[in-house]
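Here is the structure we will look at, set down as structure tokens.
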Amino acid sequence: MASLPPGADSDQLLVEENGSTRTLIMNRPKQLNALSSAMIMGLLRCFTAYEKDDKVKLLIMKGKGRAFCAGGDVSAVVRAINNDSWKYGADFFRNEFLLNYIIATYSKPQVSLLAGIVMGGGAGVSLHGRFRVVFAMPETALGLFPDIGASYFLSRLPGFYGEYVALAGARLDGAEMHACGLATHFVQLNRLPLLEESLKKVDTSNPFAVCGIIDQFSHQPSLKENSSLNRLEIINKCFSKRTVEEIISALEQETSNSAVEWVAATIQSLKKASPTSLKISLRSIREGRTQTVGECLRREYRMVCHVMRGDFSRDFFEGCRAILIDKDRNPKWMPPRLEQVHDEAVEQYFSRIDDPQWEDLNLPARRSHGRNIESKL
């Protein structure tokens, strides 16, 4: 193992040096590599140092154990907010979003090896990078909330698939991530060690050369018959509607025989979710369609700060209680119904925060290396 740049917390983030390649390994396997504050700061230091270091040509990112990364360590954030102040959460997300931005605009290729679970913050540190490799593992699942720049990459998926993934909390397998463009390559699990060995011998930052190496190990997976991507026609018809209420109503009118079960499950997912969350998510993705990754992150930072302050709704805390703390999986949303979440309340989430100590997310000037999300459908 190599030494980390000064100040990086060494046991939660490991670094391997092989020639010009640096492999960053998220090392909290028991927590499914959920991103702690120390990990985010360590990654920030690594990405910043390696961009300036001419000896480093390629970065590989992976997780230890059975998950890539199950998101930000939200339960730690909630505990800190409850014991201290929402400002702790604001700092956590400020650093995380800055990391996402540096990855999205990084000048050297990054290959993320997405084995196992990829959620929330895990998507943020990987999907903004140049190469996203998924493996034939049944548990590869992407669960997303509209932060970490998700409104940027979800809004660029085919048709209105991004709205569906965000609102229905859809879990995608490796083949689906590859087909819709969230992953750039699909590799069989048994070929992973060979791919890693080849990448560790790379002595170039040329993305075409790196892509050529990954291409040698990848293949075109086929979608399962029940994949949501086989329902794109219904998804586009329903999730293109202007409001969440209209989306649900359009789904309720879908009675084509082949998709009855899928439609019913999708309606159930939407009805179980926080009404406030659904409305701000839809608006976020719609705005993301015309914004740069930096603009998306700035807007999402405002949203996440409002969420943590609990100005209009405390659903974030209630969701964490029901899923992560008490685990009764029975959250009581407030307000409980979509029609009670008025446009003025939604508007609040997109406004500056009225607090003299708060400031907008300030992102450094960087040359943009806009990532392409290319659908393979």
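For residues 334-345, the side chain to side chain donor-acceptor pair (under 3.5 Å) pairs, not counting sequence neighbours, are R337-E339. Note on residues 30-39: pairs passing side chain to side chain donor-acceptor pair (under 3.5 Å), not counting sequence neighbours, are Q12-S36.
For the pair R156 and Y152, the cation-pi test (distance below 6.0 Å, angle within 45°) is passed. Stacking of R298 on the aromatic ring of Y301 is not recorded, the 6.0 Å distance cut-off and the 45° axial limit not both being met.
In this structure, the side chains of T276 and W333 stay at 4.5 Å or more apart for every pair of heavy atoms. Looking only at side-chain heavy atoms (C-beta outward), Y106 and H128 stay at 4.5 Å or farther from each other.
Ionic pairing of R366 and E51 is present here: one or more N-O contacts between side-chain nitrogen and carboxylate oxygen are shorter than 4.0 angstrom. Using a 4.0 Å cut-off between charged nitrogen and carboxylate oxygen, D84 and R79 do not count as a salt-bridge pair. No salt bridge links E359 with R352; every basic N to acidic carboxylate O contact stays at or beyond 4.0 Å. Between E287 and R299, at least one side-chain N (NZ, or NE/NH1/NH2) sits under 4.0 Å from a carboxylate O, which counts as a salt bridge. A salt bridge links R286 with E163: the closest approach of a Lys/Arg side-chain nitrogen to an acidic carboxylate oxygen falls below 4.0 angstrom. Under the 4.0 Å criterion applied to side-chain N and carboxylate O atoms, D73 and R28 are assigned as salt-bridge partners.
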